[in-house]
> 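I'd like to ask some things about the structure below.
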Number of protein chains: 2
Amino acid sequence: MARRGLTTQRVTVAAADLADEIGFEGVTVSAVARLFGVRDASLYSHIKNVQDLRTRVAVLALAELADHVAAALAGRAGKDALVAFADAYRAYAKEYPGRYAATRLELDPEVAAASAAGRHAAMTRAILRGYALEEPDQTDAVRLLHSVFHGYVSLERSGGFQNTQRAADASWSRALDALDVVLNNWPPA
Amino acid sequence: MARRGLTTQRVTVAAADLADEIGFEGVTVSAVARLFGVRDASLYSHIKNVQDLRTRVAVLALAELADHVAAALAGRAGKDALVAFADAYRAYAKEYPGRYAATRLELDPEVAAASAAGRHAAMTRAILRGYALEEPDQTDAVRLLHSVFHGYVSLERSGGFQNTQRAADASWSRALDALDVVLNNWPPA
DNA sequence: GTCGTGCGCCTAGAGATATTAGGCAATTAT
DNA sequence: ATAATTGCCTAATATCTCTAGGCGCACGAC
């Protein structure tokens with residue numbers, strides 16, 4: 001009965017890696033157990049159930065994404081910061097598609113509050129420091145930015161931009177230009 | 001052995017309704033069979049497998065959404081058209097959450113081509129007629145608009161805007177104002 | 001060092017879902 | 001009316017989730 005050194009953390013990371021390989025929907029207790037060479041039942045000492053496992057992957061991914069974005073954002077301001085944030089966000093989604101998909105899991109309010117979701121909002125607000133926006137315009141702008149980032153990445157991943165000549169990279173760059181324009185010319189209420 | 005009058009179409013609609021009730025992930029062959037009071041196996045004369053069933057729901061939803069948007073768009077132009085499109089899009093997602101979730105299913109390129117996805121792009125382009133945009137700016141703008149619509153709706157649905165005072169409706173309205181501004185001031189390449 | 005004790009992984013098993021193969025009866029075509 | 005077809009059935013297998021309970025290895029207590 002060789003011990004495999006299972007841990008909630010190690011199981012979560014393995015599940016996240018698996019998600020990146022085969023898609024977040026493929027993250028199954030059986031599949032992760034297979035990775036470790038143990039029986040399905042053995043994982044239930046470390047995770048509560050599949051939902052718990054997937055939630056843990058989501059929380060992990062949110063934290064990692066926040067780290068990546070924070071690193072890219074360091075020392076930048078204005079449009080520079082906007083582009084750095086956006087590119088880091090999109091790059092993470094590209095490099096870790098399964099983890100990124102996990103970040104879109106609907107979390108319990110308590111779990112969400114304890115997660116890195118707040119860091120995302122804070123960093124988005126930090127970008128806006130380079131633009132002159134008061135509340136509630138700032139909140140509206142945060143939501144717009146997040147919508148564009150997530151929406152673009154999500155549509156790009158689900159193949160929404162494939163049937164045309166225009167490269168997805170080029171449109172992304174122009175979308176950021178457009179956001180910069182609108183943040184500088186935010187319409188009055 | 002009473003016949004239930006199963007049809008691919010009726011099965012698909014039942015699956016879509018079920019999706020709206022319990023979520024798109026809950027759309028299962030067994031669950032739909034239960035709705036009709038037949039055995040699971042009986043559905044396989046009408047659908048190929050679960051994936052096929054879900055794809056059919058997605059295609060149905062794309063067509064319905066296109067219908068709703070087209071109706072809202074009729075006779076409008078400029079910002080009026082932009083707001084009508086966006087509101088119809090968001091309203092559909094709110095009223096038919098399961099169907100809307102289905103529209104984000106990754107479709108095979110052939111299926112996607114045969115679906116109403118093209119109508120969506122065409123209608124988005126129609127909006128842009130009210131703004132002076134040439135290619136490739138037009139394609140970039142289409143992608144930006146779609147990203148905002150989908151991104152906002154998706155984040156709203158997954159609870160992203162819950163922890164603040166600002167109403168989701170208000171931010172949505174301002175996001176559309178912002179899009180109008182940027183379409184009128186599209187940055188030069 | 002050895003002796004527990006507990007933790008880590010196991011076996012066993014039940015319930016759901018997906019899917020295939022093949023059958024009989026109800027409907028439709030002739 | 002009879003033949004052909006179609007619609008739903010039973011049966012069976014595989015995969016996945018999850019619970020209950022067991023056994024031994026590794027650690028701390030002494």
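Numbered from 1 within each chain, the chains take letters A, B, ... in sequence-line order.
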> For B/H46 and D/dT6, is the shortest distance between a side-chain N/O and OP1 or OP2 below 4.0 Å?
no
> Can you check whether B/T28 has a side-chain N or O nearer than 4.0 Å to OP1 or OP2 of C/dA18?
yes
> Which comes earlier along DNA chain D counting from the 5' end, the contact point of B/D40 or that of A/V50, where each point is its nearest nucleotide?
B/D40
> Run the salt bridge (Lys or Arg N to Asp or Glu O under 4.0 Å) check on A/D177 and A/R174 step by step: do they pass?
CA-CA 5 Å; A/D177 292 342; A/R174 302 310 308 286; 3.3 Å; yes
> Hey, is the side chain of A/S42 poking within less than 4.0 Å of OP1 or OP2 on C/dG8, counting only N and O atoms?
no
> What is the distance, to the nearest angstrom, from the CG atom on B/L6 to the P atom on C/dA26?
16 Å
> Looking only at side-chain atoms of A/R34, point me to the closest of D/dC16, D/dC8, C/dT11.
D/dC16
> Report the distance from atom CG of B/L43 to atom P of C/dT19, rounded to the nearest whole Å.
11 Å
> Any carboxylate oxygen within less than 4.0 angstrom of a Lys/Arg side-chain nitrogen, looking at A/E156 and B/R143?
no
> May I ask you to say what A/A41 touches in the nucleic acid, namely base, sugar-phosphate or nothing, with a heavy-atom cut-off under 4.0 Å?
base
> Figure out the CG/P separation between A/D52 and D/dT17, and round it to whole Å.
13 Å
> Taking atom CD as the centre, does A/E135 end up with more than 12 heavy-atom neighbours from other residues, nucleotides or ligands that are less than 6.0 angstrom away?
yes
> In this structure, how many angstroms lie between the P atom of C/dA16 and the CZ atom of B/R39, rounded?
13 Å
> Has B/R4 got a side-chain N or O lying under 4.0 Å from the OP1 or OP2 atom of D/dC8?
no
> Rounded to the Å, how far apart are A/Q51 CD and C/dA16 P?
19 Å
> The side chain of B/N49 lies closest to which of these nucleotides: C/dT19, D/dT17, C/dT17?
C/dT19
> Less than 3.5 Å apart, any donor N or O on the side chain of B/H150 or A/S154 sitting next to an acceptor on the other?
yes
> Against A/D52, only a single residue in A/R54, A/R56, A/K48 fulfils side chain to side chain donor-acceptor pair (under 3.5 Å); can you say which?
A/R56
> Measure the distance from CZ on A/R10 to C1' on C/dG8 and round it to the nearest whole Å.
13 Å
> Please state how far atom NZ in B/K48 lies from atom P in C/dA18, giving the value in whole angstrom units.
15 Å
> From the options C/dC9, C/dA18, C/dT19, select the nucleotide whose nearest atom is closest to the side chain of A/S45.
C/dC9
> To the nearest angstrom, how far is B/Y44 atom OH from D/dT13 atom P?
17 Å
